[in-house]
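These notes concern the structure reproduced below.
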Amino acid sequence: YAESFVYRTSRSIKIFLFEHDAIIRLQQFRRSQIAGVTLGAANFVNFASMALMFWYGGLLTMRRLAAFADCFRVFLVFVNTSRGIGEAGALTPDFAEASIAIDSVFQILDRKTKIDTDDKLRDIHFAYLTRPNVMLFKGFCFQIHAGQRVAVVGQSGSGKSTIVGLIERFYDPSKGTVYIDGKDLKKVNLQSIRSHISLVNQEPTLFAMSIRDNIVYVKDGVTDAEIIEAAMTANAHNSLPDGYSTFPGESVLQLSATSALDAESERIVQAVLDSVTLGRSTIAVAHRVVSFSDFNSHHFPYHACRLTIRQAHLFAVLLDGVILEQGNHNDLIARDPAGAYYVLVYSQAGPH
Ligand SMILES: Nc1ncnc2c1ncn2[C@@H]1O[C@H](COP(=O)(O)OP(=O)(O)OP(=O)(O)O)[C@@H](O)[C@H]1O
């Protein structure tokens, strides 16, 4: 009846988009029919054979062809065996369900989930609260693919550091969305996201306590091995006059500041930056555009620039609140001699 009802009403079922629902119901109906018939047949065989056995056993006992004890023994074997067969029959609907369920299990296993690990800034508008009338960002989009090294370049005051501030969620954009690992930054736990972001400042902050305490400060329950590993990674392990109890003074700060490096220190800092950024999405902010004029030269006057932007996969030029150009160094240089990037690289204007 259900089958013919489904066929008769198939048009309405389609119109009301019940098709999938109707197919499932029809399948369930067929399954319950099979289960009912199987269970009925199993019970029939069970009880009919019991009746047969009682009748035949009684006949044999009456004619003294078999002892009652033997008949009873056969009866017990029969009851136990038929119960086993009956219970197996009762599992038939479960087998049917399992065969349908296993399909969906394999569908889930075979599914190729696309995990978005890109960081994106979409349609970013921003003005500092203290200067609400100055729209620093006027709606730009920008994407960093997982593991990519990106350099944001632009005139002083164009908002390069502010982009970093938005990614760290020091501020929220007035309009637009920041996505980290494909997730809206406003919807993720701030502490968790910040624990995955490392910020290397040009002027590093060291607290007025020993180097050891400075390292421990960033994370609870740090072991001695981790302290040494952190110092080794930063290439500071052998350069601390009093070991880890060294109190950071002017000299240590000077050593760390990327803008005041001699060639050897620069090489060391670069090696450290290369190793810690390997395989990570990195955004580098090049503060002094004028130094692009000497981009490939060893006499590059502003070390910080050369350090941070070297080997960037992508350069993004920030101008007047938007990302005006983006691409790799060679493409941008080749694109347009009057282009923003070209001008930045070759401009001989004095330092900002
Ligand atoms: N906390 C703040 N409140 C108000 N205005 C700010 C704040 N921080 C920065 N600004 C202003 O926003 C603009 C962009 O600053 P930002 O530091 O992001 O630029 P930048 O491109 O990194 O500059 P530079 O290359 O000189 O470091 C500047 O005009 C700056 O004066």
Side-chain angles (χ1 to χ4, degrees), residues 119-144 149-180 185-186 190 194 197-205 253-254 256-261 266 269 273 277 281-295 300-310 312 314-327 329 332 339-352:
D119 304 328
K120 279 170 259 181
L121 293 109
R122 189 191 289 163
D123 192 27
I124 299 295
H125 291 71
F126 181 74
Y128 276 104
L129 281 179
T130 45
R131 297 196 303 166
N133 299 327
V134 182
M135 217 49 201
L136 186 59
F137 297 143
K138 298 167 188 160
F140 69 81
C141 296
F142 181 46
Q143 181 157 358
I144 307 168
R149 191 180 290 202
V150 173
V152 177
V153 296
Q155 299 283 346
S156 179
S158 56
K160 303 177 295 287
S161 304
T162 308
I163 291 188
V164 175
L166 291 173
I167 291 172
E168 285 268 10
R169 209 178 163 205
F170 298 144
Y171 337 98
D172 281 331
S174 351
K175 195 182 152 215
T177 316
V178 179
Y179 298 91
I180 298 290
L185 197 53
K186 282 189 188 162
L190 200 54
R194 285 197 186 146
I197 300 178
S198 309
L199 184 62
V200 181
N201 267 322
Q202 194 165 354
E203 283 96 32
T205 307
L253 281 170
Q254 268 292 291
S256 317
T258 50
S259 55
L261 298 172
E266 181 195 309
V269 172
L273 285 176
T277 58
S281 309
T282 310
I283 179 161
V285 167
H287 285 273
R288 298 176 198 276
V289 290
V290 64
S291 40
F292 281 95
S293 58
D294 230 353
F295 190 65
F300 201 87
Y302 297 99
H303 303 287
C305 262
R306 200 167 81 191
L307 286 174
T308 50
I309 64 173
R310 211 162 70 173
L314 182 82
F315 289 83
V317 185
L318 194 56
L319 193 75
D320 290 336
V322 293
I323 300 238
L324 204 63
E325 287 179 356
Q326 52 183 301
H329 174 74
L332 287 177
Y341 184 78
Y342 191 100
V343 171
L344 277 175
V345 171
Y346 291 105
S347 82
Q348 292 295 321
H352 295 269

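Every heavy atom of this structure was used, including side-chain atoms; hydrogens, water molecules and symmetry mates were not. All ligand and atom numbering here is 1-based and tracks the order in the structure. Sequence positions, counted from 1, serve as the residue numbers for this chain.
For Leu136, every heavy-atom contact with ligand 1 shorter than 4.0 Å involves the side chain, none the backbone. In Gln155, the part holding a heavy atom less than 4.0 Å from any atom of ligand 1 is the backbone.
Qualifying ring-ring contact (aromatic ring centres under 6.0 Å, His included) partners for Tyr179, counting only residues two or more places apart in sequence or in other chains: none. Under the rule for a ring-ring contact (aromatic ring centres under 6.0 Å, His included), the partners of Phe126 that lie at least two apart in sequence or sit in another chain are Tyr128, Tyr171.
Here's the thing with Thr162: one of its N/O atoms is less than 3.5 angstrom from an N/O atom of ligand 1. Considering backbone and side-chain N/O atoms, Gly157 comes within less than 3.5 Å of an N/O atom of ligand 1. The N/O atoms of Gly159, backbone and side chain alike, include one that comes under 3.5 Å of an N/O atom in ligand 1.
Counting only distance, with no hydrogens or angles, the side chain of Lys160 and the backbone of Gly154 share a donor-acceptor pair below 3.5 Å. Glu325 places no side-chain N or O within donor-acceptor distance of the main-chain N or O of Val317, the cut-off being under 3.5 Å. Within the 3.5 Å criterion, the main-chain N or O of His125 finds a donor-acceptor partner in the side chain of Ser174.
Interface of Thr130 with ligand 1, defined as ligand atoms under 4.0 Å from a residue heavy atom, comprises 3 (N), 4 (C).
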